[in-house]
Structure formats: C-alpha cells, structure tokens
Amino acid sequence: MIPALDELLQRLGREAAVLVRVASTQGSVPREAGTWMAVWQDDLTGTIGGGQLEFQAVQEARAWLAGGEPIEAVRRYPLGPSLGQCCGGVVFLAFQRVIARDVPALTRELSAHFKPVALFGGGHVGAALARLLATLPFSVRWIDSREGVFAPALPVQIETEHSEPVQGAVAGLAPGSCVLIMSFSHAEDFDVVIACLQRLRARDDLPFVGLIGSKTKWATFRHRLEARGFTPEELARITCPIGVPGIEGKEPEVIAVAVAAQLLMQ
C-alpha cells in the first residue's frame with residue numbers, strides 16, 4: 001500500500017491534479033478540517049468522505065482540469081436534501097490546482113498535522129509498524145544504533161536516524177512525540193526507557209511511552225528502575241506490554257496493527 005501523501009507527490013511529477021481540502025466544517029460532517037483528496041483526470045488519491053459531497057467535488061475539479069473555469073478558493077456545501085446527504089452539517093471545501101513545482105510546499109503543508117512518533121528499533125516488528133504508520137496521520141522518526149538496517153526507499157512520512165548510543169536520540173525528540181521502544185536487545189530497550197523517564201521528569205512532554213515485551217520483561221525492568229530511584233508514579237508512565245488487548249498473534253504485522261490502534265487512541 002502506497003501512502004496517500006507519497007502517491008500524490010510522486011504522481012505530480014507526471015500530471016496535474018486539483019487538491020480538494022476540507023477548509024472548515026459546521027455541525028455533523030463526514031470528515032474533519034484538514035482532510036484532503038487529490039483529483040486526477042481518471043483517478044483519486046485520498047477521500048473527503050465519499051457520498052454526494054465527494055462526487056460533486058470530483059466533477060467540479062475534473063471540469064477545471066479539463067480546461068473549464070477555475071474554481072473559487074473555497075465553496076460552501078450544505079449536507080442536506082439538495083445534495084442528497086442527511087448529515088445536516090456544512091462543509092467548506094478549498095480547491096487548488098497543483099503541479100510538480102508545488103511538491104515542496106505540499107509536503108510541508110500536508111504533513112504539518114501529523115502526530116510525531118519516535119520508533120526505536122529497525123527489526124521485523126519495527127519495519128511492519130513503520131510501514132503501517134506511514135499510511136496513517138503520523139510522522140515517524142525511526143531510530144536504530146545499527147548501520148544499514150533501514151530500507152533505501154521509504155515513505156515521506158518516515159525519517160530514519162542512526163544513533164549510537166541509541167538512547168542519545170531521546171533528548172532531541174519533538175515535543176509531544178509518542179515513543180515506541182522495540183530495539184534488538186533488552187539492554188538497549190532499558191537504556192531508552194531510562195532516557196524517556198529522565199525526559200519525562202525534566203520536561204513531561206512525551207504523552208505515550210510504550211515498550212514491547214511481556215509482563216515478565218516489564219517486572220524485571222521495573223525492579224531495576226526502582227533501584228535507580230524512579231518512583232511508582234514515574235514507572236506508571238511506561239506502557240508494557242504494548243498494543244490494544246484482545247488482538248492475538250505474534251506475527252509482526254499483527255503486532256503492528258495492535259500498536260497502531262493503541263496510538264490512534266492517544
């Protein structure tokens with residue numbers, strides 16, 4: 001699956017599109033402000049919620065692409081009987097014709113609302129999780145202490161970092177980052193957990209810190225962390241095991257789904 005943002009940016013190198021964005025909303029509507037879709041002459045990337053609203057917006061955008069009159073910057077769409085939708089709210093859609101030269105600006109604009117995630121570990125689960133998160137509203141900082149573990153071509157939403165020692169990257173994480181710890185060794189996991197606890201103590205700006213592993217692993221870590229002077233209240237900020245309960249299976253892709261669902265709940 002190619003993330004929607006990557007598909008848009010890659011395809012703009014070959015053809016023009018009309019970018020349709022939900023500028024604002026009132027009342028009950030299919031999608032929130034900031035949602036977007038790219039309308040091509042014969043295809044779509046993304047969605048603003050489907051239904052008659054999307055159908056009408058696509059028709060108008062394609063008429064513009066085909067040489068019709070430009071669309072005013074923002075249009076108002078009441079979701080009532082006249083549009084064939086019963087949501088009852090109002091959607092304001094912004095239309096923008098985009099080409100290859102718009103790629104840098106679009107990369108910044110469309111990724112600005114992504115929630116930052118710091119993913120420590122480039123193993124099988126880390127790789128499955130990074131691929132999945134790139135299809136969701138997250139920007140991923142993927143960190144490992146080993147050279148050559150990352151694929152050469154990755155979605156635009158993923159930034160890789162080699163950090164040795166690996167826990168050294170914690171200090172530079174964006175405020176508000178959700179942290180996922182799944183390195184190749186328990187020793188590295190432990191060091192990253194300590195660095196996260198120290199940052200929480202100093203700045204309290206990491207809303208979620210998750211550690212992969214069993215209850216037994218966490219019991220061992222907890223004992224060692226208590227010996228380092230961390231309080232029960234501080235240790236309660238670490239989630240281990242990670243992933244929403246009830247999703248069975250140890251395959252990397254299954255674990256990735258469970259963890260991604262947990263992040264979406266934060």
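- Atom CD of Glu69 has 12 or fewer neighbouring heavy atoms from other residues, nucleotides or ligands inside a 6.0 Å radius.
- Here the closest heavy-atom approach between residue Gly49 and residue Glu54 is recorded as N-OE1, 3.4 Å.
- Arg141 contributes no side-chain N or O that, together with a main-chain N or O of Leu119, makes up a donor-acceptor pair within less than 3.5 Å.
- Interatomic distance, Leu133 CG to Ile158 CD1, rounded to the nearest 0.5 Å: 7.5 Å.
- Contact of the Leu129 side chain with the Val140 side chain is not registered, since no non-hydrogen atoms from C-beta on lie closer than 4.5 Å.
- Leu200 is not listed as a side-chain neighbour of Glu234, based on a closest heavy-atom distance of 4.5 Å or more.
- The two residues Phe114 and Ser139 have their closest heavy-atom pair at CB-N, 3.5 Å.
- Between the side chain of Arg62 and the main chain of Gln41, a donor-acceptor pair closer than 3.5 Å is present.
- The shortest side-chain heavy-atom distance between Leu180 and Phe208 falls under the 4.5 Å cut-off.
- Taking hydrophobic clusters as Ile, Leu, Val, Met, Phe, Trp and Tyr residues chained together by side-chain heavy-atom distances below 4.5 Å, Phe150 does not share a cluster with Val156.
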- Tell me, with the steps shown, if Phe190 and Thr220 meet side chain to side chain contact (heavy atoms under 4.5 Å, CB included). CA-CA 10 Å; Phe190 188 73; Thr220 301; over 6 Å; no
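- The neighbour count for His113 NE2, taken as heavy atoms of other residues, nucleotides or ligands under 6.0 Å away, is above 12.
- Ile71 contributes atom CD1, which lies 11.0 Å from atom CZ of Arg97 (distance to the nearest 0.5 angstrom).
- The backbone N or O of Val209 sits nowhere less than 3.5 Å from a side-chain atom of Arg237 that would complete a donor-acceptor pair.
- The structure places CG of Asp6 at 9.0 Å from OG1 of Thr107, a figure rounded to the nearest 0.5 Å.
- For the 3.5 Å distance criterion, the side chains of Glu60 and Gln56 qualify, holding a donor opposite an acceptor.
- Proximity of a side-chain donor or acceptor of Gln262 to a complementary backbone N or O of Ala258 within less than 3.5 Å is not detected.
- Taking 4.0 Å as the cut-off between side-chain N and carboxylate O, Asp189 and Arg224 do not count as a salt-bridged pair.
- A 4.5 Å side-chain heavy-atom check between Arg131 and Glu253 finds at least one atom pair inside the cut-off.
- The hydrophobic cluster containing Leu136 does not contain Met37, counting ILVMFWY residues as joined when their side-chain heavy atoms lie under 4.5 angstrom apart, directly or transitively.
- The two residues Phe184 and Ser145 make their nearest non-hydrogen contact at CE2-OG, 3.6 Å.
- Considering every non-hydrogen atom in both Ala23 and Ala33, the closest pair reads O-CB, 3.9 Å.
- Hydrophobic clustering keeps Phe55 apart from Val20 (ILVMFWY residues linked when any side-chain heavy atoms are closer than 4.5 Å, directly or through intermediates).
- Listed here is the closest heavy atom pair of Val193 and Leu225: CG1-CD1, 3.9 Å.
- Grouping the Ile, Leu, Val, Met, Phe, Trp and Tyr side chains by contacts below 4.5 angstrom, directly or via other members, places Leu65 apart from Leu19.
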- Determine, step by step, whether Ile194 and Gln167 satisfy the side chain to side chain contact (heavy atoms under 4.5 Å, CB included) criterion, reporting the C-alpha distance in whole Å, the side-chain angles of both residues, the deciding distance to 0.1 Å, and the verdict. CA-CA 8 Å; Ile194 289 177; Gln167 69 272 17; over 6 Å; no
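- Side chain of Trp40 to backbone of Ala16: no donor-acceptor contact under 3.5 angstrom is found.
- The shortest distance between side-chain heavy atoms of Leu8 and Leu110 falls below 4.5 Å.
- Residues Phe95 and Trp64 keep their aromatic ring centres 6.0 Å or farther apart.
- Here the straight-line distance linking atom CG of Asp205 with atom OG of Ser177 works out to 8.0 Å at 0.5 Å rounding.
- Counting all heavy atoms, side chain and backbone alike, Ala171 lies closest to Arg203 at O-NH1, 3.6 Å.
- One N or O on the side chain of Ser185 and one on the backbone of Glu188 form a donor-acceptor pair closer than 3.5 Å.
- At least one donor-acceptor pair under 3.5 Å links the side chain of Gln157 to the backbone N or O of Phe138.
- Not one N or O on the side chain of Lys115 forms a donor-acceptor pair closer than 3.5 Å with the backbone of Gly176.
- Residues passing the side-chain contact (heavy atoms from CB on, under 4.5 Å) test with Ser24, sequence neighbours excluded: Phe92.
- Cys196 pairs in a side chain to side chain contact (heavy atoms under 4.5 Å, CB included) with only one of the listed residues (Val170, Leu173, Leu211), which is Val170.
- Cluster membership check: Ile242 shares its hydrophobic cluster with Val117, using side-chain heavy-atom separations under 4.5 Å among Ile, Leu, Val, Met, Phe, Trp and Tyr.
- Here the CG atom belonging to Leu132 is positioned 9.5 Å from the CG atom belonging to Leu263, to the nearest 0.5 angstrom.
- A heavy-atom distance below 4.5 Å is found between the side chains of Leu79 and Pro30.
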- Task: Evaluate side chain to side chain contact (heavy atoms under 4.5 Å, CB included) for Thr47 paired with Arg31, printing each intermediate quantity in order.
- Result: CA-CA 9 Å; Thr47 176; Arg31 298 292 303 273; 3.5 Å; yes
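- Considering CG of Leu197 and CZ of Arg228, their distance stands at 11.0 Å, rounded to 0.5 Å.
- In this structure, the side-chain contact (heavy atoms from CB on, under 4.5 Å) partners of Ala105, at least two apart in sequence or on a different chain, are Arg108, Glu109.
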- Item | side chain to side chain contact (heavy atoms under 4.5 Å, CB included) evaluation trace for Trp218 with Ile238 | CA-CA 9 Å; Trp218 177 237; Ile238 308 298; 3.6 Å; yes
